[in-house]
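First listed ligand is number 1; within each ligand, the first listed atom is number 1. Because the structure is a prediction, the values reported are computed rather than measured. Sequential numbering from 1 along the given sequence is applied to the chain's residues.
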Amino acid sequence: VIIMGHVGLHHVEINVSDLAETISFWNWFLNDLGYKVFQKWDSGQSWKLESTYIVFVQTEERFLSSPYYRRHVGLNHLAFHARSRDHVDEIIATLREKGVPILYEDRHPFAGGEDHYAVYFEDPDRIKVELVAPDETENP
Ligand SMILES: [Zn+2]
């Protein structure tokens, strides 16, 4: 028997400064994208979509003194697929309602290039999040 597994990204794990804040921020967004809560424990939570999950873990107190900077070595941003340009717009409306800072607002929604319809925003640790619409020139 040949078992064919999924290939691609299995999971991403990110340490955060305040897990409760992270959960309340990410839960609506990930749910909107179709992710479901996958694992939940005192110091962490994950959400899964198909074969990929994203995990947030509370950083231990003794390591909290060095904050996250996306311009330093390490993770710069996480990018997600949106269902459509309308979906990106819906998320933008919710972000504005929630008072979430939207990045590059002057160049929005083409900050990533003229064929790249996306929104960029920041999570509570200022991790940059990107939501990208499908290429409508390929899939009209
Ligand atoms: Zn990107």
Within the 3.5 Å criterion, strictly below it, is a donor on [X] or [Y] matched to an acceptor on the partner's side chain?
X: Tyr117; Y: Asp89; result: yes
X: Gln58; Y: Ser43; result: no
X: His11; Y: Gln39; result: no

### Summary
Nearest heavy-atom contact between Ala118 and Val132 is CB-CA, 4.1 Å
#### Entry: For the student: nearest non-hydrogen atoms of Phe25 and Glu122, plus distance
CZ-O, 3.4 Å
### Task
Go around the Zn ion (ligand 1) and count every protein N, O or S atom nearer than 2.8 Å.
2
### Message
Within 45 degrees of the ring normal and closer than 6.0 Å to the centroid, is that where the cationic atom of Lys48 sits relative to Tyr53?
### Response
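Output no; distance or angle outside limits.
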